[in-house]
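Here is the structure we will look at.
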2 protein chains.
Amino acid sequence: MSNNYSKQREIILEVIKNTRIHPTIEEIYEMVTKVDCKISKSTVYRNVKILAENDTIKKITMQEGPDRFDYIHFPHHHAVCEICGKVFDFEYNFETKKMSKSIKKQTGVISNMDCITINGICENCKSKK
Amino acid sequence: MSNNYSKQREIILEVIKNTRIHPTIEEIYEMVTKVDCKISKSTVYRNVKILAENDTIKKITMQEGPDRFDYIHFPHHHAVCEICGKVFDFEYNFETKKMSKSIKKQTGVISNMDCITINGICENCKSKK
DNA sequence: CTCAAATTAGGAATTATTCCTAATTTATAT
DNA sequence: ATATAAATTAGGAATAATTCCTAATTTGAG
């Protein structure tokens, strides 16, 4: 296995693995520089891109602001609160599969539903209103 | 009703209404300048944003590249081909509602499923492979 | 060990978008 | 109609997010 052979790439992956905050590149960069202060931002960008293409991590494209990333501990989707921006995980299930079938029928697009992100309002923000 | 009172805003809305290509700002800008060559790009940005906040048009956040926009002829979602980037419309239906309920149960996030975009592979690109 | 390939840091360049300002247009109240 | 206030505009500067470039360094294979 010839992946992950640079020290920097290992640090970046470890950092993403060990957080639950669905970090942006900026946040990943801040975390990795605490481990090794000389890692450059372009190295973070490059390796995060490689890891996302690998399906080691998942890119979460946000409606507003920079992309976020998440280590794939298990296959899952994301629900983003439109008010506070917090990201919640939810699992693949029967409903996901049914919807995938319905989309294929309507549009011809075949999807494993890998990149769905749902926008809505979380419980906390709803109760504040 | 005090919306749409500038000439520029009317042109921008008309252009978006009369295309099916789910245009980017750049593409909207090119189309509006064919009607009135003096409209500036910042005017396009500003008005497109207003129209999206109005729910007159819908912003489609792409996995790659700039946002795209679509006039809301009827409520619908989008399926994006990961290979050619083409955007397909699909309707709200039973499956969408079921999935929304499932997400609420799992995450607490309440969504009207307004901003789902599904990524996959379209028929045309699939047959080429 | 040696050498080719991959990776790095750091910054320049690019892309997408927002912000700023003075001038113009539009709406409102006489 | 006319004055005045509010909104909008063009155009460019500024910002944010990301990619690209290059010479130096590190890594892995023979």
Side-chain angles (χ1 to χ4, degrees), chain A residues 1-16 21-54 56-70 80 85 87 115 117, chain B residues 1-16 21-54 56-70 80 85 87 115 117:
Chain A
M1 178 70 49
S2 70
N3 275 335
N4 289 31
Y5 40 80
S6 90
K7 190 167 136 276
Q8 291 89 335
R9 188 171 304 163
E10 271 174 54
I11 294 170
I12 291 164
L13 179 55
E14 274 314 298
V15 152
I16 299 171
I21 67 163
H22 304 92
T24 61
I25 291 286
E26 195 60 41
E27 288 164 342
I28 295 167
Y29 177 66
E30 277 162 35
M31 291 188 280
V32 299
T33 49
K34 276 175 191 153
V35 181
D36 174 351
C37 69
K38 293 305 284 176
I39 295 179
S40 77
K41 202 176 276 183
S42 65
T43 296
V44 176
Y45 268 105
R46 189 168 16 80
N47 282 299
V48 164
K49 194 174 193 177
I50 290 166
L51 294 168
E53 281 164 0
N54 271 352
T56 307
I57 65 174
K58 185 186 281 218
K59 175 163 97 170
I60 312 167
T61 302
M62 308 290 286
Q63 288 273 315
E64 309 294 337
D67 293 340
R68 295 182 164 273
F69 298 90
D70 195 18
V80 180
V87 180
C115 301
T117 300
Chain B
M1 178 70 47
S2 70
N3 277 335
N4 290 30
Y5 38 79
S6 90
K7 190 168 136 277
Q8 290 90 333
R9 187 170 306 165
E10 269 173 56
I11 294 170
I12 291 165
L13 178 56
E14 274 314 297
V15 153
I16 299 171
I21 68 163
H22 304 92
T24 61
I25 291 285
E26 196 60 42
E27 288 164 342
I28 295 166
Y29 177 66
E30 276 160 35
M31 291 186 281
V32 299
T33 49
K34 276 176 190 152
V35 181
D36 174 352
C37 69
K38 294 304 283 173
I39 294 179
S40 75
K41 202 176 277 185
S42 66
T43 297
V44 176
Y45 268 105
R46 187 167 18 80
N47 282 299
V48 164
K49 193 173 194 178
I50 290 165
L51 294 168
E53 281 164 0
N54 270 353
T56 307
I57 66 175
K58 185 187 283 219
K59 174 165 96 171
I60 312 167
T61 302
M62 308 291 284
Q63 288 273 316
E64 309 294 336
D67 293 340
R68 295 183 164 274
F69 298 89
D70 194 19
V80 180
V87 180
C115 301
T117 300

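These numbers come from the heavy atoms of this one structure, side chains and all, not from hydrogens, waters or symmetry mates. Residue numbers start from 1 in every chain, and the chains themselves are labelled A, B, ... in the order their sequence lines are given, proteins ahead of strands.
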Can you tell me if B:S6 touches the phosphate of D:dT9, counting only side-chain N or O atoms and a distance under 4.0 Å to OP1 or OP2? yes
Here the distance between atom P of D:dT8 and atom CG of B:L13, to the nearest Å, is 15 Å
- Indicate, with a heavy-atom threshold strictly under 4.0 Å, whether B:K38 touches base, sugar-phosphate, or nothing. sugar-phosphate
A:I39 atom CD1 is separated from C:dG11 atom P, nearest whole Å, by 16 Å
Just call it for A:E26: base, sugar-phosphate, or nothing, with non-hydrogen atoms closer than 4.0 Å on any strand.
nothing
**Asked** Can you tell me if the side-chain N/O atoms of A:Q8 get under 4.0 Å from OP1 or OP2 in C:dA9?
**Response** yes
Is there a donor-acceptor pair closer than 3.5 Å between any side-chain N or O of A:R9 and the backbone N or O of A:N47?
no
Whole-Å distance, B:F69 CZ to C:dA16 P, equals 12 Å
Original post:
OP1 or OP2 of D:dT19 less than 4.0 angstrom from a side-chain nitrogen or oxygen of A:Y45, does that happen here?
Top reply: no
B:R46 atom CZ is separated from C:dT21 atom C1', nearest whole Å, by 13 Å
Per nearest nucleotide of DNA chain C, the residue lying toward the 5' end, B:S42 or B:P66, is B:P66
What one should report as the nearest heavy-atom pair of A:T24 and A:P66 is CG2-CG, 3.8 Å
Closest heavy-atom pair, B:T33 versus B:I39, reported as atoms and distance to 0.1 Å, is CG2-O, 3.8 Å
From CD1 of B:I11 across to P of D:dT8 the rounded distance in Å is 16 Å
Rounded to whole Å, the NZ-C1' distance (B:K41 to D:dA14) equals 16 Å
Rounded to whole Å, CG of B:N47 lies from C1' of D:dA10 at a distance of 13 Å
- Would one find a side-chain N or O of A:R9 under 4.0 angstrom from OP1 or OP2 of C:dT7? yes
Tightest non-hydrogen contact, residues A:V15 and A:M31, listed as CG1-CB, 3.6 Å
Atom NZ of B:K49 and atom C1' of D:dT8 are separated, to the nearest Å, by 16 Å
Item to complete: Spell out, as yes or no, whether a donor-acceptor pair under 3.5 Å connects the side chain of B:E53 to the backbone of B:I50.
Response: no
